[in-house]
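Read the structure below first, then the notes.
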Amino acid sequence: MVKPTPESAKSRPAFNIMIVAQAGRLSYEALLFAATLRHSDPTFAGRLFVAEPQPSDRWPNDPRLKPHIRDALEEMGAEIIPFTNQHFGHDYPNGNKIEALLALPKGAPFVFFDTDTVITGALSQVPFDFNRPAASMKREGTWPKVELYGPGYGATWKSLYDKFDLDYEATLDLRQPDEYWQRYLYFNAGWFFGPCPRAFGQRFRDYAVAIRDDRPDALVCQELFPWLDQIALPLVITSFDGGRPGPELAGLDGNVTCHWRVLPLAYARESDQVIEVIETASAPNKIKKILKEYEPMKRMIYQGRGRKVRAMFNRDALPRREQKIRNQIKREGFWMR
């Protein structure tokens with residue numbers, strides 16, 4: 001990364017960023033992430049780590065980055081760090097974000113982002129309190145799925161806090177009614193942060209494996225995949241005396257970062273700022289040549305389909321349900337991932 005000015009260096013302590021990338025879609029998303037970080041926060045003083053899973057019996061194919069994508073990431077200041085899956089892999093790739101944390105420098109504050117994120121503002125100026133971890137609240141009530149005669153939200157979540165001897169009551173949002181999903185601590189694992197990646201990662205791994213291999217009785221009818229990382233994450237954050245992010249972190253999932261997830265959805269509903277950053281950061285020829293290898297980026301960003309999708313929607317009056325947006329894009333033949 002570019003060295004900070006003296007003024008910016010004094011204003012906030014440096015921290016490291018981690019994303020996980022491997023062959024295929026994630027490698028192109030990682031390149032776009034790095035390009036937007038460099039574009040939007042050129043004085044970022046920390047290190048950008050791109051964690052790369054290594055070949056093992058947990059992957060049917062070689063998961064490593066293609067050499068030319070690796071080179072492009074390193075040219076933008078990223079550091080590729082290898083890690084080997086011990087507990088997860090092809091069957092649960094979300095577990096990469098858990099195991100990769102153990103490869104980062106010990107004791108250095110970190111922020112993790114999913115690769116389908118772009119940086120749209122000065123991330124280095126966000127006032128993280130690394131002694132109070134938090135994670136993204138840009139989520140829906142995807143877990144647990146409460147059965148008619150089964151345990152409710154409260155009993156399900158309490159069984160997990162009890163399993164790890166954590167304070168369940170302290171995590172409740174008492175402004176929300178009993179048995180409403182937002183009363184209970186639940187995050188999107190698209191970003192989270194903490195004081196030490198190895199300590200955080202070890203506990204994240206231990207909790208996730210324990211839930212997978214020895215779930216409480218209240219979870220017997222619950223699907224654990226693909227939600228396992230988001231089930232374990234609130235427990236890990238609670239164990240480190242963290243919780244819901246405060247208003248000082250509003251720039252995340254706001255005007256500093258955007259978890260865009262799928263390009264057609266991004267063009268349909270994200271702000272003009274987000275689209276401008278995506279298109280500007282991806283414009284240099286060295287980056288364009290690589291991103292055009294990935295068909296959705298080629299069509300959406302470079303061949304104008306994204307702008308056609310954008311023209312289909314009024315950002316001030318979007319359908320409330322994401323599925324309606326998806327269906328409308330699909331009807332017009334513009335859905336890609």
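At a threshold of 4.5 Å between non-hydrogen side-chain atoms, the residues Q182 and D173 do not count as touching. The shortest distance between side-chain heavy atoms of S136 and L252 does not fall below 4.5 Å. Contact check for V118 versus T120: side-chain heavy atoms found under the 4.5 Å cut-off. Between T156 and W143 the shortest side-chain heavy-atom distance falls below 4.5 Å. The closest side-chain heavy-atom distance from L219 to S159 is below 4.5 Å. In this structure the side chain of W181 never reaches within 4.5 angstrom of the side chain of W157, judged on heavy atoms. Taking the side chain as every heavy atom from C-beta outward, I275 and R310 approach each other to under 4.5 Å. Annotation: side chain of F33 is in contact with side chain of T117 (closest heavy-atom distance under 4.5 Å).
A side-chain donor-acceptor contact under 3.5 Å links T171 to the backbone of Y168. Checking side-chain atoms of E179 against main-chain N and O of G154 turns up a donor-acceptor pair under 3.5 Å. Checked by atom type and distance alone, the side chain of R198 pairs as donor or acceptor with a backbone atom of L104 at under 3.5 Å. Between the side chain of R183 and the backbone N or O of Q176, at least one donor-acceptor pair lies under 3.5 Å.
For D162, the salt bridge (charged side-chain N to carboxylate O under 4.0 Å, His left out) criterion is met by K158, not counting sequence neighbours.
Donor-acceptor pairing under 3.5 Å is lacking for the side chains of N85 and S56. Looking at R315 and S271, their side chains never bring a donor and an acceptor atom within 3.5 Å of each other. For the residue pair N94 and Q230, no side-chain donor N or O sits within less than 3.5 Å of a side-chain acceptor on the partner. D241 and N131 form no side-chain donor-acceptor contact under 3.5 Å, judged by distance and modelled atom types alone. A donor atom on one side chain and an acceptor atom on the other are not found under 3.5 Å apart for N327 and W335.
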Discussion item. Is there a side chain to side chain donor-acceptor pair (under 3.5 Å) between T142 and Y186? Walk through the geometry before answering.
Written reply: CA-CA 9 Å; T142 49; Y186 188 54; 2.7 Å; yes
Discussion item. Determine whether I98 and H87 satisfy the following criterion, side-chain contact (heavy atoms from CB on, under 4.5 Å), listing intermediate values before the conclusion.
Written reply: CA-CA 10 Å; I98 300 173; H87 301 278; over 6 Å; no
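In plain terms, the two heavy atoms of P133 and P195 that are nearest each other are CG-CD, 4.0 Å. Heavy atoms only, all atoms of each residue included: A34 and L48 are closest at CB-CD2, 3.9 Å. Of all the heavy atoms in R47 and N16, the pair that sits closest is N-OD1, 3.2 Å. Among all heavy-atom pairs drawn from A281 and T36, the shortest one is CB-CG2, 3.8 Å. Smallest separation of non-hydrogen atoms from A155 and A218: O-CB, 4.0 Å. Taking both residues in full, the closest heavy atoms of F88 and R58 are given as O-CD, 2.9 Å, listed atom of the first, atom of the second, then distance.
Among the candidates F110, F44, F49, F112, the single residue satisfying the ring pair (Phe, Tyr, Trp, His ring centres under 6.0 Å) test with F15 is F44. The one candidate from Q328, Q323, E322 that meets the side chain to side chain donor-acceptor pair (under 3.5 Å) condition with R326 is E322. A ring pair (Phe, Tyr, Trp, His ring centres under 6.0 Å) with F192 holds for exactly one of F187, F204, F240; it is F204.
Ion pairing of D229 with K97 is present here, as a side-chain N (NZ or NE/NH1/NH2) and a carboxylate O approach within less than 4.0 Å. Between K298 and E293 there is no salt bridge, since no side-chain N of the basic residue sits under 4.0 Å from a carboxylate O of the acidic one. One finds a salt bridge joining E52 and R70 here, because a Lys/Arg side-chain nitrogen approaches an Asp/Glu carboxylate oxygen to under 4.0 Å. For R299 and E295, the salt-bridge test passes: some basic side-chain N is under 4.0 Å from an acidic carboxylate O. Using a 4.0 Å cut-off between a side-chain N of Lys or Arg and a carboxylate O of Asp or Glu, K286 and D71 do not qualify as a salt bridge. In this structure, R25 does not pair ionically with D116, as no charged nitrogen and carboxylate oxygen lie closer than 4.0 Å.
Atom CZ of R244 and atom CZ of R132 lie 9.5 Å apart (nearest 0.5 Å). Taking CG of D206 as the reference point, atom CG of L235 lies at 12.5 Å (rounded to 0.5 Å). Atom CD1 of I290 sits about 9.0 Å away from atom OG of S27, to the nearest 0.5 Å. The CD1 atom of I19 sits 9.0 Å away from the CG atom of L26 when rounded to the nearest 0.5 Å. Taken from CD1 in I119 to CG in L123, the straight-line distance is 5.0 Å, to the nearest 0.5 Å. Atom NE2 of residue H39 and atom CG of residue L32 lie 11.0 Å apart, to the nearest 0.5 angstrom.
Note on Y184: it clusters hydrophobically with L174, by side-chain heavy-atom contacts below 4.5 Å among ILVMFWY residues. Criterion: ILVMFWY side-chain heavy atoms under 4.5 Å apart, direct or through other members. Under it, L37 and V274 are part of a common hydrophobic cluster. There is a path of hydrophobic side-chain contacts, each under 4.5 Å, that joins W227 to V209.
For the pair R307 and Y267, the cation-pi criterion (under 6.0 Å, within 45° of the ring axis) is not fulfilled.
Taking the six-membered ring for Trp and thresholds of 30 and 60 degrees, F193 and F128 have ring planes more than 60 degrees apart, a perpendicular arrangement.
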